[in-house]
Amino acid sequence: MKSVTVESIVKAFKLEVLAGGDRLDREITRSKAHRPGLEFVGYFDYFPMNRVQVLGRKEITYLLQQTVEQRRLHIGNIVKYHPPCFVVTTGLQEIPFLEMYCDQEGIPLLRTPDKTTEFIAKLDGYLLKALAPEMSIHGVCVNVSGIGVLLRGRSGIGKSETAHTLIGRGHRFVADDVVVLKKLGPSTLLGTHNTITREFLALRSIGLINVVRQYGRTAFQDETRIVLDIELTPWEDKALNNDLEVAEQFTEYLGVKIPHIELQLQPGRDTSGLIEAAANNWYLKQLGYSAAEEFMGRLEDEVQ
């Protein structure tokens with residue numbers, strides 16, 4: 001099971017460490033934060049103990065209204081489950097009692113000036129990506145007019161050169177050679193780089209280039225949702241499907257099916273232009289438009 005340390009979220013969100021600073025190596029394995037509410041009144045069925053526990057103004061105000069004995073009971077009931085950490089939001093100050101319990105149990109107590117809902121939204125997004133199932137494949141990832149495209153094909157087929165041409169046309173580069181795919185949901189696949197190759201594109205006979213240094217910040221983005229899988233293959237005579245509406249094929253990554261297109265290469269063929277056409281055609285299909293259906297409709301009207 002994938003995990004991230006408490007220290008990683010401390011650094012990512014610049015959290016203040018109030019207690020348990022020597023236990024920042026504790027692991028977080030669940031992607032959604034939890035606000036303890038029912039747990040304060042003793043109901044612990046289904047308590048997500050492996051999640052980050054977030055305490056906002058509502059929870060802290062409730063605790064401050066309790067007697068010292070009640071407060072000890074409520075907090076003691078939660079800390080005994082040893083959640084990864086507690087985060088107090090809105091920069092709340094009146095929490096020395098929490099510091100004492102967390103120090104005793106070796107649980108990090110953290111604080112942020114962010115409002116509760118804002119912090120939870122940011123934390124959930126961060127953990128969702130950090131803990132997502134992932135795999136690495138050989139290929140190139142680009143964003144064409146806001147549409148994430150995965151380019152695959154054998155070594156030397158021209159994937160990187162095609163990406164370079166797309167950059168020149170105003171599209172964005174994401175990753176070259178090693179593309180990291182992350183599953184964020186049943187139908188959501190994110191494509192990104194592996195950090196080491198970030199911003200670098202390898203061109204045969206030229207070598208490595210830094211896309212951002214050469215073409216500016218707008219030529220690169222860290223990640224994109226993958227919606228098209230395009231495989232570049234050598235040209236084969238009489239092998240192309242020239243039907244008006246090509247039957248949709250799919251490639252599956254981490255259980256997510258992505259529309260697949262085989263694009264055969266030939267000298268003089270505008271590969272980058274065809275990729276732009278494929279991306280735009282996919283977008284129109286999402287809006288419910290089919291060029292083939294419109295064409296057939298015109299034919300039927302002509303016959304009538």
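Just the heavy atoms: all of them, side chains too, but no hydrogens, waters or symmetry mates, feed the values below. From a predicted model like this one, the values you see are computed outputs, not experimental measurements.
Side-chain contact between Leu189 and Arg225 is absent, with no heavy atoms from C-beta onward closer than 4.5 Å. With contacts defined as side-chain heavy-atom distances shorter than 4.5 Å, the pair Asn210/Phe200 qualifies. You'll find the side chain of Tyr46 stays beyond 4.5 Å of the side chain of Leu38, heavy atoms only. Contact check for Asp45 versus Tyr43: side-chain heavy atoms found under the 4.5 Å cut-off. Side-chain contact between Glu161 and Arg204 is present, with at least one heavy-atom pair separated by less than 4.5 Å. Side chains of Ser145 and His171 form a contact here, defined as non-hydrogen atoms less than 4.5 Å apart. Residues Val256 and Pro186 fail the side-chain proximity criterion, which asks for heavy atoms closer than 4.5 Å. Inter-residue side-chain proximity for Pro108 and Glu7 is flagged as unmet; no heavy-atom pair is nearer than 4.5 Å.
When hydrophobic clusters are built by joining Ile, Leu, Val, Met, Phe, Trp and Tyr residues whose side-chain heavy atoms come closer than 4.5 Å, directly or via intermediates, Ile258 is not grouped with Leu263. Cluster annotation: Val54 is not connected to Ile60 through the hydrophobic network of ILVMFWY side chains, with a link wherever side-chain heavy atoms come within less than 4.5 Å. When hydrophobic clusters are built by joining Ile, Leu, Val, Met, Phe, Trp and Tyr residues whose side-chain heavy atoms come closer than 4.5 Å, directly or via intermediates, Val179 is not grouped with Leu151. The cluster map of Ile, Leu, Val, Met, Phe, Trp and Tyr, joined by side-chain heavy atoms under 4.5 Å apart, puts Val88 and Ile75 in the same cluster. Hydrophobic clustering (ILVMFWY, side-chain heavy atoms < 4.5 Å, transitive): Tyr283 and Leu274 are in one cluster.
Taken from CD1 in Ile78 to CD in Glu105, the straight-line distance is 12.5 Å, to the nearest 0.5 Å. Atoms CE and CG, from Met135 and Leu254 in turn, are 5.5 Å apart once rounded to the nearest 0.5 Å. Remark: Glu134 CD to Asn194 CG distance equals 10.0 Å, nearest 0.5 Å. Separating the CD atom in Gln286 from the CG atom in Leu284 is a distance of 9.5 Å, to the nearest 0.5 Å. Once rounded to the nearest 0.5 Å, the distance linking SG of Cys141 with CZ of Arg172 reads 13.0 Å. Here the straight-line distance linking atom CD of Glu231 with atom CD of Glu262 works out to 5.5 Å at 0.5 Å rounding.
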(request) Begin from the C-alpha positions of Val140 and Val149 and carry the test side chain to side chain contact (heavy atoms under 4.5 Å, CB included) through to its verdict. (result) CA-CA 8 Å; Val140 175; Val149 178; over 6 Å; no

(request) Determine, stepwise, if the pair Asp177 / Lys159 fulfils salt bridge (charged side-chain N to carboxylate O under 4.0 Å, His left out). (result) CA-CA 9 Å; Asp177 191 33; Lys159 300 182 296 297; over 6 Å; no

(message) Assess the residue pair Ile275 and Leu166 against the criterion (side chain to side chain contact (heavy atoms under 4.5 Å, CB included)); give the C-alpha distance rounded to whole Å, side-chain angles, the decisive distance to 0.1 Å, and a yes or no.
(response) CA-CA 9 Å; Ile275 291 172; Leu166 288 167; 4.2 Å; yes

(request) With side chain to side chain contact (heavy atoms under 4.5 Å, CB included) as the test, would you mind laying out the steps for Asp114 and Thr90 before giving the verdict? (result) CA-CA 5 Å; Asp114 292 347; Thr90 326; over 6 Å; no

(request) Given salt bridge (charged side-chain N to carboxylate O under 4.0 Å, His left out), test Glu223 with Lys182 step by step and report yes or no. (result) CA-CA 10 Å; Glu223 57 192 29; Lys182 296 188 176 186; over 6 Å; no

(request) Go through Arg169 and Asp270 one step at a time and tell me if the salt bridge (charged side-chain N to carboxylate O under 4.0 Å, His left out) criterion holds. (result) CA-CA 13 Å; Arg169 294 188 179 197; Asp270 183 7; 2.9 Å; yes

(request) Please report the C-alpha distance between Lys2 and Thr29 in whole Å, then the side-chain angles of each, then the deciding distance to 0.1 Å, and finally whether the side chain to side chain contact (heavy atoms under 4.5 Å, CB included) criterion is met. (result) CA-CA 6 Å; Lys2 294 184 66 177; Thr29 58; over 6 Å; no

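Counting non-hydrogen atoms of neighbouring residues, nucleotides and ligands closer than 6.0 angstrom, the CZ atom of Arg213 reaches no more than 12 such neighbours. The environment of Phe40 atom CZ is dense: over 12 non-hydrogen atoms of other residues, nucleotides or ligands sit within 6.0 angstrom. By the neighbour-count criterion of 12 heavy atoms within 6.0 Å, atom CZ of Arg72 is densely surrounded, having more than that number from other residues, nucleotides or ligands.
Of all heavy-atom pairs between Leu55 and Pro36, the closest is CD2-CG, 3.4 Å. Counting all heavy atoms, side chain and backbone alike, Leu109 lies closest to Cys102 at CB-SG, 3.9 Å. Taking both residues in full, the closest heavy atoms of Leu265 and Trp235 are given as O-CB, 2.8 Å, listed atom of the first, atom of the second, then distance. Here the shortest heavy-atom pairing between Ile261 and Leu228 reads CD1-CD2, 4.2 Å. In plain terms, the two heavy atoms of Leu127 and Val4 that are nearest each other are CD2-CG2, 3.7 Å. For the residue pair Gly56 and Arg35, the shortest heavy atom distance occurs at CA-NH2, 4.2 Å.
In this structure, Arg298 pairs ionically with Glu294, as a charged nitrogen and a carboxylate oxygen lie closer than 4.0 Å.
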Under 3.5 Å, sequence neighbours excluded: what are the donor-acceptor pairs made by side chains of residues 13-25?
residue: Glu16; atom: OE1; partner: Arg111; partner atom: NE; Å: 3.1
residue: Glu16; atom: OE1; partner: Arg111; partner atom: NH2; Å: 3.3
residue: Glu16; atom: OE2; partner: Arg111; partner atom: NH2; Å: 3.1

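Between the side chain of Lys257 and the backbone N or O of Thr251, no donor-acceptor pair lies under 3.5 Å. Remark: side-chain polar atoms of Thr197 are not paired, donor with acceptor, to backbone N or O of His193 under 3.5 angstrom. A donor-acceptor pair under 3.5 Å is absent between the side-chain atoms of Glu300 and the main chain of Gly297, judged by distance alone. For Asp124 (side chain) and Ala33 (main-chain N/O), a donor-acceptor pair under 3.5 Å exists by modelled atom type. Of the possible donor and acceptor atoms, one in the side chain of Arg26 sits under 3.5 Å from a partner among the backbone N and O of Pro83. The backbone N or O of Thr224 sits nowhere less than 3.5 Å from a side-chain atom of Asn143 that would complete a donor-acceptor pair. Judged by distance alone, with hydrogens and angles left aside, the side-chain atoms of Glu69 form no donor-acceptor pair with the main-chain N or O of Thr67 at under 3.5 Å. The closest donor-acceptor contact from the side chain of Thr61 to the backbone of Arg57 lies under 3.5 Å. Panel note: side chain Asn281, backbone Ala277; no donor-acceptor pair is recorded below 3.5 Å. With Ser8 contributing its side chain and Thr5 its backbone, the two residues share a donor-acceptor pair below 3.5 Å.
For the residue pair Glu39/His34, the side-chain donor-acceptor check at 3.5 Å is satisfied.
Checked against the 6.0 Å centroid criterion, the rings of Phe97 and His74 do not qualify as a close aromatic pair.
Aromatic ring pairs are classed by plane angle as parallel below 30°, tilted from 30° to 60° and perpendicular above 60°; the pair Tyr81 and Phe47 is perpendicular.
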